[in-house]
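Here the structure is laid out as structure tokens; the discussion comes afterwards.
Model, not experiment: these values are computed from the prediction. Sequence lines set the chain letters: A, B, ... in the order given, protein chains first and strands last, and positions in each chain run from 1.
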There are 2 protein chains.
Amino acid sequence: MARTVAERADILPLLGEVFREHGYEGASLAHITARTGLGKGSLYHFFPGGKEEMAAAVLKEIDGWFEANVYAPLRADEDPAAAVRDMLARTDAYFRSGRRVCLVGVFALGEVRDRFGEQVASYFARWREALAAALARAGLPSAEADDRAEEAVLAIQGALVLARALNDPAVFGRALARLGRRLLDGL
Amino acid sequence: MARTVAERADILPLLGEVFREHGYEGASLAHITARTGLGKGSLYHFFPGGKEEMAAAVLKEIDGWFEANVYAPLRADEDPAAAVRDMLARTDAYFRSGRRVCLVGVFALGEVRDRFGEQVASYFARWREALAAALARAGLPSAEADDRAEEAVLAIQGALVLARALNDPAVFGRALARLGRRLLDGL
DNA sequence: CGCCATCTGTACCATTCAGTACATTATTGA
DNA sequence: TCAATAATGTACTGAATGGTACAGATGGCG
């Protein structure tokens, strides 16, 4: 029979889109087969654990992307202020300027929070910590750095919720602009 | 047969809890009957439109509560600064200091956003507008009032997401405290 | 008492769900 | 060329889904 897909990794972004749009419960195998173009046979060949393994793989991929493109630069960059600005730019790009929703946030609010609790918590905790570290290196007192970092992570999630609720992506852009002004204020 | 419930309105809070915890898709009739103690017969007697009518009724009830307890005071109170502080206190109480999630936010992120888009958008838009009006009356320039109001509404949602993701309700308390300081800053 | 609208449990329906089984096909490497 | 393995489509399962039908029960009112 026809061989359609080269790599398991190639379909992770597609899976991500389905979970993003429908949530874990709402992402039926029918949706998944339709979006990926793979039949159940292939799907269960790549993911013997079924939907749960698919979701876990997607979470892991997202986690890896943020680790490489956001958290690590925040921790390592020699110029913390530039790292913060880079973070905002990459965040804007990743979430398509507010047109895309955060899968981890969706999972956090859903009933699947329990199932993927560890991965969900780690994603946000590491974001907050990496940002706080950058702010501290930039010269902020530790407590103030922690406070601003938490505020930023939370604002990004809230902006995504509000942008989608109001069907107005510009909300997200304004929130990022606000963070750009405030995170490095007084430095 | 046993008559169990007095009023349709009595079960709306229970329905709200189910939708809050499981989302719209995940709130199966099995969950609903278990939580409310009502059989399908009664449920479909009170809500002939099924799940969709139940969710719409819950949204309407929440909307009414916020209109009466949050938006209207913000618009009407003679002391805008006090009204803002009241809003934060009532918000804290409503969301159980971060232990409870926002049903409207959950719906906004889910695929039901399209079905209840109007109610979802109106909930957030009116919150933002009422708060902006209060801040403007308190002496803030219109543009600054709008900006702070949007930031506040968004921060509340983001704090709920983060609190649940990290399983740490204190995140919500810190966010509200931050808003208390910042909303009325410079007045 | 007895009527009647309101309420409620139960059996049932078609559909969809995630997941399994397996035969069949393609691809690769020897 | 020819196995061995990787990939794939299809048919299927049992359970759960939302929703319907309806026969009763219940309570208030005359």
Side-chain angles (χ1 to χ4, degrees), chain A residues 1-61 103 106-107 110-116, chain B residues 1-59 103 106-107 110-116:
Chain A
M1 302 206 168
R3 187 165 295 203
T4 53
V5 111
E7 297 285 340
R8 180 188 126 133
D10 293 344
I11 61 177
L12 286 180
L14 296 173
L15 283 176
E17 291 300 318
V18 180
F19 283 121
R20 227 182 288 272
E21 288 170 20
H22 301 96
Y24 182 77
E25 317 291 334
S28 67
L29 287 186
H31 283 135
I32 294 173
T33 57
R35 179 67 66 95
T36 61
L38 292 180
K40 285 190 181 185
S42 308
L43 244 19
Y44 276 85
H45 174 73
F46 289 123
F47 305 96
K51 253 177 82 170
E52 180 151 359
E53 187 175 342
M54 298 181 207
V58 169
L59 278 177
K60 192 175 172 188
E61 201 219 10
L103 174 61
V106 171
F107 276 23
E111 55 181 337
V112 277
R113 205 263 323 236
D114 308 317
R115 213 186 307 212
F116 303 106
Chain B
M1 305 206 167
R3 189 166 292 204
T4 54
V5 112
E7 297 285 341
R8 178 187 127 131
D10 293 344
I11 61 177
L12 285 181
L14 296 173
L15 283 176
E17 290 301 319
V18 181
F19 283 121
R20 227 183 288 273
E21 288 170 21
H22 301 97
Y24 182 79
E25 318 290 333
S28 68
L29 287 186
H31 283 135
I32 294 173
T33 56
R35 179 68 66 97
T36 61
L38 292 180
K40 285 189 180 185
S42 309
L43 243 19
Y44 275 84
H45 174 73
F46 289 123
F47 306 96
K51 254 176 82 169
E52 179 151 359
E53 187 175 342
M54 298 180 209
V58 168
L59 278 177
L103 174 62
V106 172
F107 276 23
E111 56 182 336
V112 276
R113 205 263 323 236
D114 309 318
R115 213 185 306 210
F116 303 107

*Figure out the NZ/C1' separation between A:Lys40 and C:dC17, and round it to whole Å.*
8 Å

*OH of A:Tyr44 versus P of C:dA18: gap in Å, rounded?*
7 Å

*With A:Glu61, which residues qualify under side-chain hydrogen bond (donor to acceptor under 3.5 Å, both in side chains), at least two apart?*
none

_Nearest-nucleotide 5' precedence on DNA chain C, A:Gly50 against B:Gly41_ = B:Gly41

*Identify, with sequence neighbours excluded, every residue that meets salt bridge (Lys or Arg N to Asp or Glu O under 4.0 Å) alongside B:Glu21.*
B:Arg35

_Interatomic distance, A:His45 NE2 vs C:dA21 C1' [rounded to whole Å]_ = 15 Å

*Taking side chain to side chain contact (heavy atoms under 4.5 Å, CB included) as the test, write out the residues that go with A:His45, two or more places apart.*
none

*Sequence neighbours excluded, which residues qualify as side chain to side chain contact (heavy atoms under 4.5 Å, CB included) partners of A:Ala55?*
A:Phe19, A:Tyr24, A:Phe107, A:Phe116

*asked:* Rounded to whole Å, please give me the gap between CG in A:Leu38 and C1' in D:dG9.
replied: 12 Å

*How would you list, by chain and number, every residue that makes a salt bridge (Lys or Arg N to Asp or Glu O under 4.0 Å) with B:Arg113, sequence neighbours excluded?*
none

*Which of residues 23-35 of chain A have a heavy atom under 4.0 Å from DNA chain C?*
A:Ala27, A:Ser28, A:Leu29, A:Ala30

_What is the distance, to the nearest angstrom, from the CZ atom on A:Phe46 to the C1' atom on D:dA7?_
7 Å

*Rounded distance in Å - CZ (B:Arg8) to P (C:dT8)*: 14 Å

*Spacing between B:Leu43 atom CG and C:dT6 atom P, to the nearest angstrom*: 18 Å

_Side-chain donor/acceptor of B:His31 to backbone N/O of B:Gly26, under 3.5 Å_ = yes

